[in-house]
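Take a look at the structure set out below.
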Amino acid sequence: MTKQYYISEVTETESSHEILRGEFNDLRTKIVASSNTITEKSGEDMITEKFSTELLTKVNDFETNLMSLQDLYKPLFKSDTSNIVDIKVFSLLNKYKKHIIAAISNFEDEIDRENEMAQFSRFFYEMDYIKCDSENFFDIINSLRVAIISKVEPYSLDELVCLRVTFDDLMRNFNITDKKFNDIMDKIERHFNTIGPLSKINHNI
Amino acid sequence: MSVINFEALCPEAIILDLKYPQGYLYWDKCGKIIKEITNNWKNIGKATISIQNVNITFPEKSINLNFSSESINIVLVNSKDVNFLGEFADSVVNTICNHLEIDIFSRIGNRFQFIKPFESADDFIKIFGAKGILQIPEDIISIIGNKIEKQKIEFTIYKDEDFGYCFSFAQFKRKLEAYTPPQVSIDDSKFITKGILFDLDIFTIKPISLSILKCSELLKKNRKEYESLIKMLL
């Protein structure tokens, strides 16, 4: 029997919005319920309706009005340069690290774990659009890309922990020294196939 | 030309304040957070815990961390070292938000408080009068009294729909109160008792997702803006 993988589009931010929306709706229901007894007597249904509509508008504003990355770090003076590329890379690392953490916490549930990692693999496609100055950083990303894309078997816990530690290292500083580069690469090579199809070559021929 | 020398100002406090709407897990995860922070940062002080908030001091680096179900507050006292503050903030904000399952901040405020020791009681009027920020004609003051006391200027400017800037300039007088045994003396020669406070709060208006927040970058950007604005205004 083939397994059915359901890839959810709901991000953690969106799920947080959903919780918040739920809480507002609960509050709204309570207010409407308690107000009805008053409004029946006073005949001021319009006030209840207006209040609940305003609450929902506030929730919508909160959901749709998130500040963008560019706006948060835009300099006050146009002449100032901002390292927006670094911030973009940081935010991508942060966003996709959450899938690794979720995969580790749901490790026993194979479908959940592999779903999270399927969503994680989108990281490399998003990184394609970013150009960063640090060559060592991009060499590590490329090794991970080969390792993840050529992977056909389910993830082991060691592999997931290795990915998480690597992401933590990368997030600490993008300007990776040669020594740090070697350390990280050693770690990745111990757990993943970073040479793709070349690993199948028979060296004895 | 600037009437004050920015480099001569003394750092009083740099504050990073992050507010979030859903920190209900504070009461469940408090211990785990403190354990992780104390493991990550050696020489950090003991935590003071209450139902309302947790306070952790980092005496070596003059940092004070406060967090609760509503906000995280990190204060760097008497130091200009924004780089270390940023590194510390990145780490603790990440730890706290992971445990409290927070991914949206409703407001991020970053305050810079620098002070200029008093040279004379007229300093405030000299500085702000010279730039036309405070101009009350002498004849009007003389009708009411002799001079303006407790001088203070406070105003907020909204840059756009993303950021607001709250300026506060005030004259202050204070004294150091420390209770020690009679045989112990404290050297308070470096404690500024009279001066002018240059306070700027740079705050966000829209909610912010945790995924785009890097405190160190935000602090560096805001520190640069504070310096430029103070130099430009005064």
Practice task
Determine whether more than 12 heavy atoms belonging to other residues, nucleotides or ligands lie under 6.0 Å from atom NZ of K206(B).
Solution key: yes
Taken to the nearest 0.5 Å, the spacing of D160(B) CG from D71(A) CG works out to 7.0 Å
Exercise. Does atom NZ of K35(B) have more than 12 heavy-atom neighbours, drawn from other residues, nucleotides or ligands, at distances under 6.0 Å?
Worked result: no
Taken to the nearest 0.5 Å, the spacing of L72(A) CG from L213(B) CG works out to 6.5 Å
- Message: Within the supplied structure, the quantity of interest is the number of heavy atoms (other residues, nucleotides, ligands) at a distance under 6.0 Å from E153(A) CD; does it exceed 12?
- Response: no
ask   = Under 6.0 Å from the CD atom of E227(B), do we count more than 12 heavy atoms belonging to anything else shown?
value = yes
request  = Using a cut-off of 6.0 Å, state whether more than 12 heavy atoms not belonging to K159(B) lie near its atom NZ.
outcome  = yes
Separation between CE (M67(A)) and CZ (F105(B)), nearest 0.5 Å, reads 12.5 Å
(Q) Counting only heavy atoms from other residues, nucleotides and ligands, does the tally under 6.0 Å from OH of Y125(A) exceed 12? (A) no
Between D103(B) and K98(A), the two heavy atoms sitting closest are CB-NZ, 4.3 Å
*How about L76(A) and L229(B): do any of their side-chain heavy atoms sit closer than 4.5 Å?*
yes
Practice problem: With salt bridge (Lys or Arg N to Asp or Glu O under 4.0 Å) as the test, would you mind laying out the steps for D162(B) and K74(A) before giving the verdict? | Solution: CA-CA 10 Å; D162(B) 299 316; K74(A) 76 180 160 208; 3.1 Å; yes
One should read off an interatomic distance between L93(A) CG and S211(B) OG, to the nearest 0.5 angstrom, of 11.5 Å
Closest non-hydrogen atoms of L210(B) and N94(A), given as atom of the first, atom of the second and distance, are O-ND2, 3.4 Å
Any sub-3.5 Å donor-acceptor pair from Y73(A)'s side-chain atoms to K214(B)'s backbone N or O? yes
Applying a strict 4.5 Å limit to non-hydrogen atoms, the region of D90(B) in contact with chain A is neither
Original post:
Hey, is NZ on K80(B) packed in by over 12 heavy atoms from elsewhere, all under 6.0 Å?
Top reply: yes
Original post:
Heavy-atom count around K42(B) NZ within 6.0 Å, excluding the residue itself: above 12?
Top reply: yes
One should read off an interatomic distance between K95(A) NZ and S209(B) OG, to the nearest 0.5 angstrom, of 9.5 Å
